[in-house]
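Because the structure is a prediction, the values reported are computed rather than measured.
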Amino acid sequence: MSRGQKTAMESLLVVLSLGVLLQLAGCSPPPDPVMCTHGTSNCTITNTYGSFTDRTICRAAKVTYPRTEQELVAAVAAVASTKQKVRVATKHSHSIPKLACPGGDDGTIISTARLNRTVCIDAAKRLMTVESGMLLRDLVEAAAAAGLSLPHSPYWHGLTIGGLLSTGAHGSSLWGKGGGAHEYVVGLRIVTPAPASQGFAVVRELGADHPDLDAAKVSLGVLGVISHVTLTMQPLFKRSVTLVKRDDSDFQEQVVRWGHLHEYGDMTWLPHQGKVIYRQDDRVDVSTPGNGLYDLPLFRISPTRELIDARAAEERLQENGTDTARCEAAQQQQAATERLNVFTNDGVSFTGYPVVGYQHRIQASGTCLNSPEDGLLTSCAWDPRIRGSFFDNSGFSIPLSRAPAFVADMKRLRDLKPDLFCSAVDARIGVLLRYLKASSAYLGKPEDSIGVDIIYYRSHTEGMPRAHADVVDEIEQMALRKYGGVPHWGKSRNFAFDGAIAKYPKVHEFLRVKHRYDPEGLFSNEWTDQVLGINGSPSIIKKRCAIEGLCVCSNNSHCAPEQGYFCRPGKVYKEARVCSFFKDY
C-alpha cells in the first residue's frame with residue numbers, strides 16, 4: 001500500500017475514534033431544508049443531505065410556517081383559492097426523492113416545523129394525539145413520561161410523525177401488527193382543498209373505522225396536510241438486546257426464521273467479512289434491571305474538521321485507491337465502528353450484552369440532533385453545510401417468501417469477487433435487513449416482506465463513477481425485477497420506482513381517494529405523478545444517467561465509456577444492465 005493510501009485510511013478512522021469522546025459535547029443540528037432570500041419568499045428546498053437524486057434545485061415562491069390547525073387551514077385555503085401547487089416540508093426533510101418539491105417557481109411550501117406539540121394523552125385508553133410536525137424523538141419521550149410506549153418506529157428519531165407516515169417508514173418486526181409505525185395510527189385530521197363554498201379548505205377527521213384511513217396513513221403527501229395523528233400505544237415496556245456475530249454460511253436459511261424468533265430482530269450482513277450480525281431483541285419484564293440506550297455511531301456527533309478530512313480520504317481511495325487498499329480501509333472502519341458500540345448499558349458506557357432498556361431509549365437513535373448550536377465545530381456526518389459524508393441509500397423490500405433465494409443470489413455475487421464489496425457497500429453499516437408485516441394501507445406492503453437498506457459512496461461530481469457500483473446496481477435490479485421487490489417511498493434512486501406502482505394491488509382505491517380529496521392535484525408534483533403512474537416516468541434518460549441511478553443503462557452512453565465504464569449484463573442476474581468497469585468484467 002502506498003503512503004498516500006495509508007494516510008487516507010488513517011484519516012477515515014479518526015472520526016470514528018473521536019465519536020466516543022464527543023458523545024456528550026455540543027453539536028450543530030442540520031439546517032432548515034427551506035432557504036429564502038426575502039423573508040419567507042423566493043425560496044429553495046432540498047433534503048437533509050443537500051441533494052436530490054437528480055441534483056436539481058427545487059424552488060418555491062414562498063413558505064409558510066403554521067403554528068395551529070387554524071393557521072394550517074388558512075394556508076391551504078390560500079393556495080387552493082389561487083390553484084397554486086403546494087407541498088409539505090418537514091423539519092429536516094429526510095426523503096431522498098423529490099417529494100418536497102412543489103414544482104415550478106410559483107408553488108408554495110407549507111412547513112410543519114412549528115406544528116410540533118402533544119395535543120393530548122389518554123393513558124387509560126392508551127391513546128396519544130400529536131401534531132404532525134412532532135419529531136419521533138419528542139413523541140416517544142413524551143409517551144414514556146406518561147407511562148406509554150409506541151410499539152414500533154424507524155431507527156432514526158429525527159423524522160416527524162407526519163413525514164414517517166407519508167413514506168411508510170418502519171422498524172423491524174413480523175409480530176403483532178408489524179414494524180410499520182403507520183399500523184398504530186387509529187385516527188388523524190387532515191386539511192385538504194375544498195370548493196369556495198366551503199372556504200377553499202376543510203379539515204377531514206378520519207377515525208379508526210373510516211374507510212379513507214388506509215389511504216391517508218401512507219400517502220406520499222398527495223392528499224393534503226396532516227394536522228393531528230392519534231396513535232394507539234402500549235404500557236411502557238423494556239427490551240433486551242444482544243448482537244451476535246456469526247458466519248454467513250447459513251444466512252439464507254436464517255433470513256426468514258430469525259424474524260419469527262425475535263420480536264425486534266434484524267440482520268446486518270457484512271459481505272466482505274463473510275459475517276452476519278444478528279440482532280436478538282425481545283421484550284422483557286419492566287422490572288428487569290437496566291437503562292440501556294441505542295446510540296448508533298453513524299447518528300452521533302462528530303468534529304466537523306475530521307468529517308471533512310475523512311471525506312477527502314474517502315474520495316482519494318475511490319478515485320485512486322486499489323481494491324486491496326479499499327478492503328483494508330473497510331476492515332479497519334468496521335473494526336473501529338464495533339469498538340464504538342451501538343448500545344450503552346447506562347447511556348454512557350457499554351459493559352456487555354444483553355443491553356436492557358426502556359422502549360423509548362432502545363427503539364430509535366440520533367444523538368447528533370440533541371445538542372444546541374456550536375457554530376459547526378461539530379455536526380451530523382451528512383450536514384450539507386460541510387463537505388462531509390455524502391452517500392446514496394438504496395432501500396427496497398421483497399416478499400419474505402422469496403428472501404432465501406434473494407440472499408443466496410447476493411452471496412453468489414459476493415463469492416465471484418469478494419473484494420469488490422469492500423467499496424461497493426459502506427463497511428461501517430453493511431447491508432441491513434429488517435422485517436415488515438403485510439399492511440392494510442393502500443401504499444403499504446402488500447405481503448410480509450424483508451426490507452433491505454444499502455448505503456454507499458456518492459460523488460459530489462455529477463456523472464462520476466464510483467468503484468464497483470455495478471455490485472449494488474445488480475443487487476437492486478435483482479430485488480426489484482427478479483424477486484418482485486418495491487422501493488422504499490422515501491429512499492432509493494429514480495430507476496427503482498419505474499413501474500413499481502403496478503405491484504400495489506390497491507393503488508386504484510388510493511387514487512380514488514386522492515381525486516376526492518384533491519381533484520385539482522394541488523398537493524401533487526411531477527415526482528408523485530410519475531411514481532403513482534399518473535403521468536410520465538421517474539427514469540431520466542441522458543448521458544451517464546445510469547451512473548447517477550436515474551436510469552437502467554441500455555447503451556454505453558448511459559455509463560461512462562470515456563472512463564472505461566460500459567453497459568453490461570449482471571454477473572449473476574443476467575437480465576440486469578449495469579455500468580461495469582471493463583477490467584472487472
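Ser365 places a side-chain N or O within 3.5 Å of a backbone atom of Leu296 that can act as its donor or acceptor partner. Distance alone, capped at 3.5 Å, places no donor-acceptor pair between the Asp473 side chain and the Glu476 backbone. When atom types are taken as modelled, the side chain of Thr232 and the backbone of Tyr184 share no donor-acceptor pair closer than 3.5 angstrom.
Across all non-hydrogen atoms, the minimal contact from His157 to Leu135 is O-CB, 4.2 Å.
Taken to the nearest 0.5 Å, the CD atom of Glu314 stands 6.5 Å off from the OG atom of Ser389.
With ring centers used as reference points, Tyr504 lies under 6.0 Å from Trp489. Close placement of the His152 and Tyr264 rings is indicated, their centers lying within 6.0 Å of each other. Aromatic ring centroids of Phe391 and Trp382 lie 6.0 Å or more apart. Ring centroid separation for the pair Phe497 and Trp527 comes in under the 6.0 Å cut-off.
Counting only heavy atoms from C-beta outward, the side chains of Arg466 and Ser459 never approach each other to under 4.5 Å.
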Check against side-chain contact (heavy atoms from CB on, under 4.5 Å), Tyr294 and Val342: CA-CA 6 Å; Tyr294 179 40; Val342 174; 3.2 Å; yes
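In Lys491, the NZ atom is crowded: over 12 heavy atoms of neighbouring residues, nucleotides or ligands sit closer than 6.0 Å.
Geometrically, Arg279 engages Tyr155 in a cation-pi contact, judged by NZ or CZ lying under 6.0 Å from the ring centre and within 45° of the ring axis.
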